[in-house]
Amino acid sequence: MNNFPVVLLTIVITVLGIAVDGYNCKMVQFIFGDSLSDVGNNKYLSKSLAQASLPWYGIDFGNGLPNGRFSNGRTVADIIGDSMGLPRPPAFLDPSLTEDIIMENGVNYASGGGGILNETGSYFIQRFSLYKQIELFKGTKELIKSRVGPEEAEKFFQGSRYVVALGSNDFINNYLMPVYSDSWTYNDESFIDYLMETLEAQLKLLHKLGARQLMVFGLGPMGCIPLQRVLSTSGDCQDRANKLALSFNQASTNLLQDLSTKLPNASFRFGDAYDVVDDVIRNPYKYGFNNSDAPCCSFYNIRPALTCIPASSLCGDRSKYVFWDEYHPSDKANELIANELIKKFRFTRAGQPNINAPSPAPAAIAPSPDQEDY
């Protein structure tokens, strides 16, 4: 599981043709992340407690059934990619994944509960940490290499785009929880140093495996997610968690700038969307929401109800809630954030000006079941 402001995923900027063993492949993405970008990996991890496999997850996506996304609808990555004409990378564990699909669509390794650190989210039992996701990517590269040969495989992977979007679980589901040894081994400053040392090694490993165009996304105000509010005595945002997010973002900015100057042919960028997310949470009416502190899907008055389940109560109008559950944003919030990111980072289609038009909503929005509103 992960937090709403957590890492806000971006997708890439152009669509290029790459000739690979007779294939004319689109520009594809390889996504590494947590529950904000998980599109179904965890649903194939049978022992994982971080699941989005029950209704009402996915109620506003496609046929309205759970699909592995930790939301009622689309992820930020879905929306940005759709706006830019990029294919949606399938989950690595999708049993239908083939070499042809990989070269046509890329792969999404994101896993709910995953973090930069291996120890993060251990109480979820099964989840892919970033190191594990990179290991899976290495296997993917070997698969494609055996298919098209090392030279063409290298062209393919160096021409692809990479998104790394993790971090908040390392705080919310590790450092800020006393059940984890990291909480007493480190202080705030030394823990962020630990994260940066680990992330640096991971990004260098990705570069060694072929990643040249890569974006890391920072954290939003994770102290303002419903779970953090309900666990506080006042119901307000938890200031310490927000300050940690800001410190993480600054340290990551410095790291990415340093790596871009030191690694050959590397274009490593950092995407800081803290201000956008913070404004949506603190000024929801400005953006068309009427609630930014409680989840749309909750188990009536019992809180925190950590997941949305069929017995949960849904809000009357999901488009008016910033948060879908205690951790994750609603489809409408993801849409707003994605479009703000498109404008802020000037993501464009190939040969076209900036895309400012909103991404279309799901084709068919399922009606709310007969549930009470808050």
Side-chain angles (χ1 to χ4, degrees), residues 2-13 28-38 75-77 80-81 86 89 106-111 114-118 120 128-134 136-137 157-158 160-172 191-222 244-263 265-277 337-338 340-342 344-347:
N2 198 359
N3 304 291
F4 159 61
V6 168
V7 201
L8 292 165
L9 272 175
T10 12
I11 313 282
V12 250
I13 306 177
V28 302
Q29 309 168 75
F30 293 94
I31 295 179
F32 305 84
D34 46 40
S35 60
L36 278 184
S37 44
D38 190 345
T75 67
V76 171
I80 296 177
L86 295 172
V107 182
N108 185 320
Y109 303 92
S111 173
I116 294 169
L117 304 175
N118 288 337
T120 289
F128 293 154
S129 68
L130 182 51
Y131 267 126
K132 180 62 177 180
Q133 293 178 38
I134 294 172
L136 298 175
F137 170 67
F157 286 102
Q158 290 193 16
S160 298
R161 295 297 185 265
Y162 299 81
V163 175
V164 175
L166 302 94
S168 64
N169 279 325
D170 294 292
F171 294 99
I172 301 299
F191 184 70
I192 289 176
D193 288 342
Y194 174 37
L195 282 176
M196 290 303 107
E197 290 169 4
T198 307
L199 183 59
E200 179 178 9
Q202 292 164 334
L203 296 180
K204 286 180 176 177
L205 182 55
L206 279 173
H207 180 270
K208 185 177 180 180
L209 291 170
R212 296 294 181 267
Q213 303 293 322
L214 180 146
M215 179 165 279
V216 174
F217 265 82
L219 308 185
M222 59 188 178
L244 285 168
L246 289 169
S247 296
F248 175 92
N249 290 350
Q250 184 57 59
S252 298
T253 298
N254 296 339
L255 173 62
L256 270 291
Q257 289 174 347
D258 184 59
L259 289 177
S260 284
T261 62
K262 291 181 178 178
L263 297 177
N265 302 315
S267 176
F268 285 11
R269 302 175 61 201
F270 182 74
D272 186 354
Y274 186 100
D275 54 347
V276 174
V277 182
I337 294 162
E340 287 296 318
L341 289 169
I342 289 169
K344 181 174 183 178
F345 297 110
R346 305 191 181 201
F347 297 142

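For Ile31 against Ser37, the heavy-atom pair with the smallest separation is CG2-CB, 4.1 Å. For Ser247 against Ile192, the heavy-atom pair with the smallest separation is CB-CD1, 3.3 Å. Shown here for Ile80 and Ala338, the closest heavy-atom pair between the two residues is CG1-CB, 3.6 Å. The heavy-atom pair separating Met196 from Ser252 by the smallest distance is CE-OG, 3.4 Å. Closest of all the heavy-atom pairs between Asn249 and Phe270 is O-CE2, 3.5 Å. When all heavy atoms of Tyr274 and Ala245 are compared, the closest pair comes out as CE1-CB, 4.1 Å.
Considering only residues two or more places apart in sequence or on other chains, Asn118 meets the side chain to side chain contact (heavy atoms under 4.5 Å, CB included) condition with Ser129, Tyr131. Take Gln257 and apply the side chain to side chain donor-acceptor pair (under 3.5 Å) test, not counting sequence neighbours, and it matches no residue. When the side chain to side chain donor-acceptor pair (under 3.5 Å) test is applied to Thr120, the partners found at least two apart in sequence or on another chain are Asp170, Asn174. Partners of Asp193 according to the salt bridge (charged side-chain N to carboxylate O under 4.0 Å, His left out) rule, which considers only residues two or more places apart in sequence or in another chain, do not exist here. Every residue was checked against the salt bridge (charged side-chain N to carboxylate O under 4.0 Å, His left out) condition with Glu197, not counting sequence neighbours, and none meets it. With sequence neighbours left out, the ring-ring contact (aromatic ring centres under 6.0 Å, His included) criterion links Phe157 to Phe30, Phe137.
Side-chain contact between Asp275 and Lys344: present, with at least one pair of heavy atoms (C-beta onward) separated by less than 4.5 Å. In this structure the side chain of Val276 never reaches within 4.5 angstrom of the side chain of Leu341, judged on heavy atoms. Side chains of Thr75 and Leu36 form no contact here, defined as non-hydrogen atoms less than 4.5 Å apart. In this structure, the side chains of Leu136 and Val107 stay at 4.5 Å or more apart for every pair of heavy atoms. Here the side chains of Asn265 and Gln158 are not in contact, with every heavy-atom distance at 4.5 Å or above. For the pair Leu130/Leu199, a side-chain contact is recorded, criterion being any heavy-atom separation below 4.5 Å from C-beta on.
At distances below 3.5 Å, at least one donor-acceptor pair connects side-chain atoms of Arg212 with backbone N or O atoms of His207. Listed for the Gln29 side chain is no donor-acceptor partner under 3.5 Å among the backbone atoms of Gly106. Gln202 places a side-chain N or O within donor-acceptor distance of the main-chain N or O of Ile116, the cut-off being under 3.5 Å. Formation of a donor-acceptor pair under 3.5 Å by the Asn169 side chain with backbone atoms of Gly114 is found in this model. Side-chain N or O atoms of Ser260 include one that pairs as donor or acceptor with a backbone N or O of Phe268 at under 3.5 Å.
By the 30° and 60° cut-offs, the orientation of the rings of Phe171 relative to Phe248 is perpendicular.
Within the model, atoms CZ of Phe128 and CG of Leu166 stand 13.0 Å from one another, a figure rounded to the nearest 0.5 Å.
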Worked verdict on Tyr162 versus Leu203 for side chain to side chain contact (heavy atoms under 4.5 Å, CB included): CA-CA 10 Å; Tyr162 299 81; Leu203 296 180; over 6 Å; no
